[in-house]
Protein chains: 2
Amino acid sequence: MNKSIQAIESEIKAIYNVALSVDCVIFGFEENKLKVLLIRSDMEKFQSKWSLLGDLLKAEEDIEAAAYRILKQRTGLDDVFLEQVAAFGNLSRHPAGRVVTIAYCSLINVMHHELKIYDNELHWHDVETVKDLAFDHQEIFETCYKRLQKRVQEHPLGFSLLPNKFSLRELQNLYEAILGIKLDRRNFRKKFFAMDFLIDIDEIETDVPHRPGKLYRFDYEKFEMKKKKWSGIDF
Amino acid sequence: MNKSIQAIESEIKAIYNVALSVDCVIFGFEENKLKVLLIRSDMEKFQSKWSLLGDLLKAEEDIEAAAYRILKQRTGLDDVFLEQVAAFGNLSRHPAGRVVTIAYCSLINVMHHELKIYDNELHWHDVETVKDLAFDHQEIFETCYKRLQKRVQEHPLGFSLLPNKFSLRELQNLYEAILGIKLDRRNFRKKFFAMDFLIDIDEIETDVPHRPGKLYRFDYEKFEMKKKKWSGIDF
DNA sequence: AAAAGTCGTGTAATTTAAACACAATACAAA
DNA sequence: TTTGTATTGTGTTTAAATTACACGACTTTT
């Protein structure tokens, strides 16, 4: 009890002197390219640089709720894929002081929200050309992108980026865009048919300058039924 | 005196309404069981409950540095596997107020630190029987355990839990303990020899009541050389 | 010297993945 | 109407990985 008020004050500040924010890495798919939604930084230090969509947590606000709030504000969508990826807390990551951020990855179907995006400072970027983001957002983006590449191979996330009805060509284009590789069309089809989660809805593409492909829907119900199999040791 | 401290505290809290902590889920392996290191909660509300090892971040302390600090304090080890798993921030997770915690997963070789553990309130628990932890630590523990089960199949983490020299039987026991399944001994060997990361150090087990097995070391160098192969879409 | 227990290796059957070819369909151009 | 072009849809064949399963070899214990 010999401590001075000042000592106690700085102790308390030491505990509470951290601000928390959420940053969203929002992926979309358009013209057979994987895109990420960026906004111009509003900080002078990062003038002219692009940054992720983020905000400080409000008092009494749940972390995931904050991520949904940001998504809703920017895209108008609230029923979207959202997943926590990692926390970033480098001491020097934010010029205003100590701000730890929790990064979320989100996948949205661009078709569903096009109208709201024509804000001057908001833009879909091709993931291949994203560079030199504000803050530590380049690192956050790359972490989320790698996480997406891995996750999309093990879980049916990708369908969030496509229309409800899609052709197998669209699906393959999506996977090729996300993974950055070319896949054999025949083996790709065989693989997905073998997984047996695609519902043939007995419709075909329209407005294509060639033989139209059949359209499918992903069977989320059936997917939920099947328990994940043992994947096997391999590294 | 108390009043002014509280006044200061609530002032500061009004601005920085979140405290940040780190919790470590420290796994070990002993007697062919996967263990986790727990400590008695020091909070009255959770009297008699076990909790993870955690602490508030100090001012100007990097998050990962805090995790290493906790590990060092509790186990005496500082060159150990450590990996961020997730942030947990439920509004009601901590009785003292808003505390967001970043969970880290750590794997340590029990043999290397045995001497420091005989603190009354610190104990290795069999992961199978961990239940009813303090705070939201049950959820954190389960998240980290699942993450470990997945990661150990894709990366050579498991060797951190074993002595430098180990037999294939020990390695298999480790995998069976982590994954909670039985594996065919012959196929397990074939698999690991095919991966070709085990160095035969030309020694054999001692003090076993049967034919001794050969001892191996993991070749981290060779592992770093090989780039991770394409794993394939499957869910 | 025999029994008990685990080590180390191998083979056959099955499943999965990779490489590859061709007819069928729709549109566009002549 | 016919022909050319592009893409769909469906195989097959080969190689690689996984699974299931068996037997002799080696050390300690009795």
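Proteins get letters first, then strands, A, B, ... in listed order; numbering begins at 1 in each.
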Counting only pairs under 3.5 Å, give me each side-chain donor-acceptor contact of residues 193-202 of chain B, with atom names and distances, residues two or more places apart or in other chains.
unit_1: B:Asp196; atom_1: OD2; unit_2: B:Lys222; atom_2: NZ; d: 3.1
unit_1: B:Asp200; atom_1: OD1; unit_2: B:Asp202; atom_2: N; d: 2.8
unit_1: B:Asp200; atom_1: OD2; unit_2: B:Lys214; atom_2: NZ; d: 2.8

Exercise. With sequence neighbours left out, which residue pairs that include part of residues 159-173 of chain A fulfil the salt bridge (Lys or Arg N to Asp or Glu O under 4.0 Å) condition?
Worked result: A:Lys165-A:Glu203
Exercise. Among pairs that include at least one residue of residues 78-89 of chain A, which meet salt bridge (Lys or Arg N to Asp or Glu O under 4.0 Å), considering only residues two or more places apart or in two chains?
Worked result: A:Lys72-A:Asp78, A:Glu83-A:Arg151
Exercise. Looking at five pairs on each end of the helix from C:dA1-D:dT30 to C:dA30-D:dT1, what is the angle between the two axes, given to 10 degrees?
Worked result: 0°
For this session: Anything under 30° is parallel, anything over 60° is perpendicular, the rest tilted; go ahead and classify B:Phe159 against B:Phe166.
Result: tilted
For this session: Look at B:Lys214 and C:dC7 and indicate whether a side-chain polar atom (N or O) is within less than 4.0 Å of OP1 or OP2.
Result: no
Exercise. So does A:Arg189 get a side-chain nitrogen or oxygen closer than 4.0 Å to the phosphate oxygens (OP1/OP2) of D:dT8?
Worked result: no
With the criterion being N/O to N/O and under 3.5 Å, what pairs connect the protein with nucleotides 12-14 of chain D, and how long is each?
unit_1: D:dT12; atom_1: O4; unit_2: A:Lys190; atom_2: NZ; d: 3.1

For this session: List in chain and number order the residues that pass side-chain contact (heavy atoms from CB on, under 4.5 Å) with B:Gln73, two or more places apart in sequence or in another chain; answer none if no residue qualifies.
Result: B:Arg69
Length of the line joining [X]:[atom1] and [N]:[atom2], which is rounded to integer Å:
X        : N      : atom1 : atom2 : answer
B:Arg169 : C:dG5  : CZ    : C1'   : 11 Å
B:Asp184 : C:dC7  : CG    : P     : 13 Å
A:Asp196 : C:dT16 : CG    : P     : 13 Å
A:Phe193 : D:dT8  : CZ    : P     : 12 Å
B:Phe192 : D:dT18 : CZ    : C1'   : 15 Å
B:Phe188 : C:dT9  : CZ    : P     : 15 Å
B:Phe235 : C:dT16 : CZ    : P     : 16 Å
B:Gln172 : C:dT6  : CD    : P     : 12 Å

Problem set entry | Set of ring pair (Phe, Tyr, Trp, His ring centres under 6.0 Å) partners for B:Phe135, sequence neighbours left out | B:Phe46, B:His94, B:His137
Problem set entry | Non-neighbouring partners of B:Phe192 that pass ring pair (Phe, Tyr, Trp, His ring centres under 6.0 Å), sequence neighbours left out | B:Tyr175, B:Phe188
Problem set entry | Partners meeting side-chain hydrogen bond (donor to acceptor under 3.5 Å, both in side chains) with A:Asp62 (sequence neighbours left out) | none
For this session: Can you sort out the partners of B:Glu142 under side-chain hydrogen bond (donor to acceptor under 3.5 Å, both in side chains), two or more places apart, ordered by chain and number?
Result: B:Gln138
Exercise. Between A:Ser167 and A:Ile233, which has a closest nucleotide on DNA chain D that is more 5'?
Worked result: A:Ser167
Problem set entry | By salt bridge (Lys or Arg N to Asp or Glu O under 4.0 Å) - contacts of A:Asp207 (at least two apart) | none
Exercise. Could you write nucleotides 21-29 of chain C as a row of B, S and -, 5' to 3', where a protein heavy atom under 4.0 Å of any base atom gives B, of only sugar-phosphate atoms gives S, and otherwise -?
Worked result: B--BBSS--
For this session: Report yes if the distance between the aromatic ring centroids of B:Tyr216 and B:Phe218 is under 6.0 Å, otherwise no.
Result: no
